[in-house]
Amino acid sequence: MFALIDCNNFYASCERVFAPNLNGKPIVVLSNNDGCAIARSNEAKAIGIPMGAPAFEFKDLFVNHKVHVFSANFSLYGNMSNRIMSILSEYSPEVEIYSIDEAFLKLKGFEYFNLLDYAYSIRKRVTQGTGIPVSIGIAPTKSLSKVANRIAKKYTQTGGVFLIDTEEKRIKALKWLAIEDVWGIGRKYATRLRAQGVNTAYDFTQLSDAWVKKEFSIVGLRLKRDLSGIPTLDLDDVQAKKNIATTRSFEKNITKIEDLKERIATFAVSCSEKLRKQKSYCKMLMVFIHTNGFRKDLPQYSRSRVIKLPFPSNSSIELVEFACIALESIFIAGYSYKKAGVLIMDFIPENQIQLNFFQNSNPKHEGLMKVIDKLNNRFGQQKVRLSIQDQKRVWKMKQEKLSPLYTTRIEDVITIQV
DNA sequence: TCTGGGGTCCTAGGACCC
DNA sequence: TCTGGGGTCCTAGGACCC
């Protein structure tokens with residue numbers, strides 16, 4: 001059996017843990033640059049604030065309904081997530097951390113356990129240990145545990161836990177679930193399926209394998225089998241990432257290549273830091289730039305460039321050099337750039353590096369990067385920078401409603417009066 | 001005027017190789 | 001008039017997830 005543990009309204013709940021006066025009040029958490037809503041408490045959902053709502057369009061609604069608005073505080077959410085995952089790992093040797101607020105547990109060898117009781121105890125322990133409410137779905141396959149989780153979340157009388165352990169329950173649950181709410185069926189697929197008269201998850205499982213594969217590729221077919229109760233999707237080992245990206249939208253458009261170069265360099269540095277944390281080297285790097293797609297009145301341009309590195313590297317200096325070469329090859333003057341990013345891929349673990357006969361990553365960088373990482377860890381991000389990076393002012397996102405770093409900065413730890 | 005960021009997997013077409 | 005087959009790599013894009 002698989003259990004899916006999913007935090008309820010995770011970012012909003014994190015804010016609430018340290019501001020309990022907000023219990024029962026509408027909360028919205030905004031994306032970077034305070035752009036759009038990425039998390040909402042139940043109360044905010046009830047007011048009619050959709051996922052992804054642009055903040056500037058909903059400003060009046062926020063004010064009128066006294067919505068408590070927060071800028072995304074990823075240090076806080078990441079730290080709370082680690083605490084929750086660490087608790088969950090006590091409950092099964094096989095855990096897949098699926099996202100910041102979700103984890104699958106594989107319950108192999110739990111035949112003689114009362115799984116409902118087990119789930120209730122997990123739920124209680126997480127809430128006691130962190131203050132975050134969670135819902136738990138248990139079923140014979142991953143995608144069915146997603147379905148069970150949805151039922152647990154939707155119906156409060158379940159006590160936040162739902163178990164699909166019979167064929168009867170499986171079919172009932174699938175008939176209840178609208179096709180667009182199936183894990184792996186997004187907007188585009190749902191529209192196409194509705195047009196075929198497929199309205200529920202159950203209908204989807206009744207389609208022929210051949211048709212599903214033709215229309216939705218092997219991915220859709222796997223999903224169909226998994227929903228039918230045949231375990232097809234297994235826990236993914238996501239310890240090591242396959243890609244690492246740093247991308248940003250700019251508050252103001254950028255037109256000059258020097259400014260863009262500074263941003264790209266900073267993104268490349270950030271990617272290399274993440275790569276070193278993963279103890280890997282990369283063999284490929286990609287840079288992309290594009291104009292603001294929302295501005296239909298402006299000429300649009302978007303382009304990316306992949307560079308295959310002549311040798312594996314995780315040195316900030318080297319990755320910045322390659323990123324700049326890539327940028328220069330795709331930059332066209334005359335456009336207003338709104339967004340850019342650096343992606344790295346094709347990783348190898350640091351202990352499996354094949355040396356190149358002619359050219360290798362500068363061996364001196366290894367020690368240098370260690371020192372830089374150590375200094376930045378201790379004194380704050382970006383304290384030590386490359387000279388190509390902005391020295392005068394650190395680029396700032398709009399973050400007007402940032403809550404304190406309650407769990408990761410000593411000055412921000414709350415004081416309790418006894 | 002303002003409308004996020006970081007991932008995954010799959011497919012298709014063109015250029016090129018032998 | 002007739003003009004192969006089997007690959008790889010790269011670029012781009014589409015779909016999905018949270």
J.: Quote, to the nearest angstrom, the C1' distance that separates dG4(C) from dC16(B).
T.: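 My reading of the C1' atoms in dG4(C) and dC16(B) gives 16 Å.
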J.: For residues 46-76 of chain A, which residues have at least one heavy atom under 4.0 Å from DNA chain B?
T.: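 Going residue by residue through residues 46-76 of chain A, the ones with a heavy atom under 4.0 Å of DNA chain B turn out to be P54(A), F56(A).
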J.: Listed by chain and number, what are the salt bridge (Lys or Arg N to Asp or Glu O under 4.0 Å) partners of K261(A), not counting sequence neighbours?
T.: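 Salt bridge (Lys or Arg N to Asp or Glu O under 4.0 Å) list for K261(A), sorted by chain: E328(A).
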J.: Are H290(A) and F288(A) near enough that their ring centres are under 6.0 Å apart?
T.: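 Yes; F288(A) has its ring centre under 6.0 Å from that of H290(A).
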J.: Strictly by modelled atom types, are S361(A) and E318(A) linked by a side-chain donor-acceptor pair under 3.5 Å?
T.: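 Their side chains do contain a donor-acceptor pair, which is all the 3.5 Å distance test asks for.
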J.: Toward the 5' end of DNA chain B, which comes first, R222(A) or I244(A), by nearest nucleotide?
T.: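 Here I244(A) is the residue nearer the 5' end.
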J.: For R150(A), is there an ion pair with D6(A) - N to carboxylate O distance below 4.0 angstrom?
T.: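 No, no charged N to carboxylate O under 4.0 Å.
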J.: Do the two ring centres, one from F347(A) and one from Y281(A), sit under 6.0 Å apart?
T.: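 No, the ring of F347(A) stays outside the 6.0 Å limit from the ring of Y281(A), centre to centre.
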J.: For W211(A), which residues count as a side-chain hydrogen bond (donor to acceptor under 3.5 Å, both in side chains) partner, sequence neighbours excluded?
T.: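 Scan of W211(A) (side-chain hydrogen bond (donor to acceptor under 3.5 Å, both in side chains), adjacent residues dropped) gives none.
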J.: Give, ordered by number, those residues of residues 323-343 of chain A having at least one heavy-atom distance below 4.0 Å to an atom of DNA chain C; if nothing qualifies, reply none.
T.: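 Those residues whose heavy atoms fall under 4.0 Å from DNA chain C, taken from residues 323-343 of chain A, amount to none.
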J.: Pick the closest DNA chain B nucleotide for T246(A) and for I218(A) by heavy atoms, then say which residue is nearer the 5' end.
T.: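 Result: T246(A).
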J.: Provide the full list of salt bridge (Lys or Arg N to Asp or Glu O under 4.0 Å) pairs with a residue in residues 36-45 of chain A, sequence neighbours left out, each pair given once.
T.: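 Every salt bridge (Lys or Arg N to Asp or Glu O under 4.0 Å) pair that includes a residue of residues 36-45 of chain A, provided the two are not neighbours, is R16(A)-E43(A).
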J.: Using a heavy-atom cut-off of 4.0 Å to chain A, what are the terminal contacting nucleotides of DNA chain C, in 5' to 3' order?
T.: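 Taking any atom under 4.0 Å from a heavy atom of chain A, the span is dC10(C) to dC18(C).
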J.: According to side-chain hydrogen bond (donor to acceptor under 3.5 Å, both in side chains), who are the partners of N32(A), at least two apart in sequence or on a separate chain?
T.: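 Testing N32(A) for side-chain hydrogen bond (donor to acceptor under 3.5 Å, both in side chains), a comparison that skips the adjacent residues, returns none.
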J.: Among R225(A), K214(A), R222(A), which one satisfies salt bridge (Lys or Arg N to Asp or Glu O under 4.0 Å) with D209(A)?
T.: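 Filter result, single survivor: R225(A).
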J.: Does the Lys NZ or Arg CZ of K142(A) fall within the cation-pi geometry relative to F104(A) - under 6.0 Å from the ring centre and within 45° of the axis?
T.: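 K142(A) over F104(A) ring: yes.
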J.: Below 3.5 Å, can you tabulate the donor-acceptor pairs from side chains in residues 337-344 of chain A to any protein atom, sequence neighbours excluded?
T.:
from: Y337(A); atom 1: OH; to: I332(A); atom 2: N; distance (Å): 3.2
from: Y337(A); atom 1: OH; to: I332(A); atom 2: O; distance (Å): 2.7
from: K338(A); atom 1: NZ; to: F250(A); atom 2: O; distance (Å): 2.6

J.: Tell me, which of residues 265-276 of chain A have any heavy atom that sits under 4.0 Å from an atom in DNA chain C?
T.: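 Going residue by residue through residues 265-276 of chain A, none turns out to have a heavy atom under 4.0 Å of DNA chain C.
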J.: For DNA chain C, find the residues of residues 180-200 of chain A with a heavy-atom distance under 4.0 Å and give them by number; none if there aren't any.
T.: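 Residues of residues 180-200 of chain A under 4.0 Å from DNA chain C: V182(A), W183(A), G184(A), I185(A), G186(A), R187(A), K188(A), Y189(A).
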J.: Is it true that R194(A) and E180(A) have a side-chain N and a carboxylate O under 4.0 angstrom from each other?
T.: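 Yes.
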J.: May I ask you to decide if M345(A)'s main-chain N or O and K283(A)'s side chain share a donor-acceptor pair within less than 3.5 Å?
T.: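 No; judged by distance alone, with no hydrogens or angles, the pair does not exist.
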J.: Name the orientation class of the two ring planes belonging to F74(A) and Y77(A) (parallel below 30°, tilted from 30 to 60°, perpendicular beyond 60°).
T.: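 Because their plane-to-plane angle is over 60°, the rings of F74(A) and Y77(A) count as perpendicular.
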J.: For S143(A), check side-chain hydrogen bond (donor to acceptor under 3.5 Å, both in side chains) against everything at least two apart and list the hits.
T.: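 Residues passing side-chain hydrogen bond (donor to acceptor under 3.5 Å, both in side chains) with S143(A): D226(A).
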J.: Please classify the nucleic acid contact of D34(A) as base, sugar-phosphate, or nothing, using heavy-atom distances under 4.0 Å.
T.: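 Nothing: the residue D34(A), judged by heavy atoms under 4.0 Å, touches no strand.
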J.: Runs of at least three consecutive Watson-Crick or G-U pairs, both distances under 3.5 Å, are what I'm after; which ones involve DNA chain C?
T.: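 For DNA chain C the paired stretches long enough to count as stems (3 pairs minimum) are B:5-18 with C:5-18.
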J.: Ignoring hydrogens and geometry, is there a side-chain-to-backbone donor-acceptor pair from Q278(A) to K241(A) under 3.5 Å?
T.: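 Such a contact is found between Q278(A) side chain and K241(A) backbone.
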J.: Parallel, tilted or perpendicular: which one describes the rings of F216(A) and F204(A), with boundaries at 30° and 60°?
T.: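 Correct class here is perpendicular.
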J.: Is the shortest distance from a Lys or Arg side-chain nitrogen in E273(A) or K277(A) to a carboxylate oxygen in the other one below 4.0 Å?
T.: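 The answer is no: the pair does not qualify as a salt bridge.
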J.: Give one of base, sugar-phosphate or nothing for K213(A), where a contact means two heavy atoms less than 4.0 Å apart.
T.: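 It contacts nothing in the nucleic acid.
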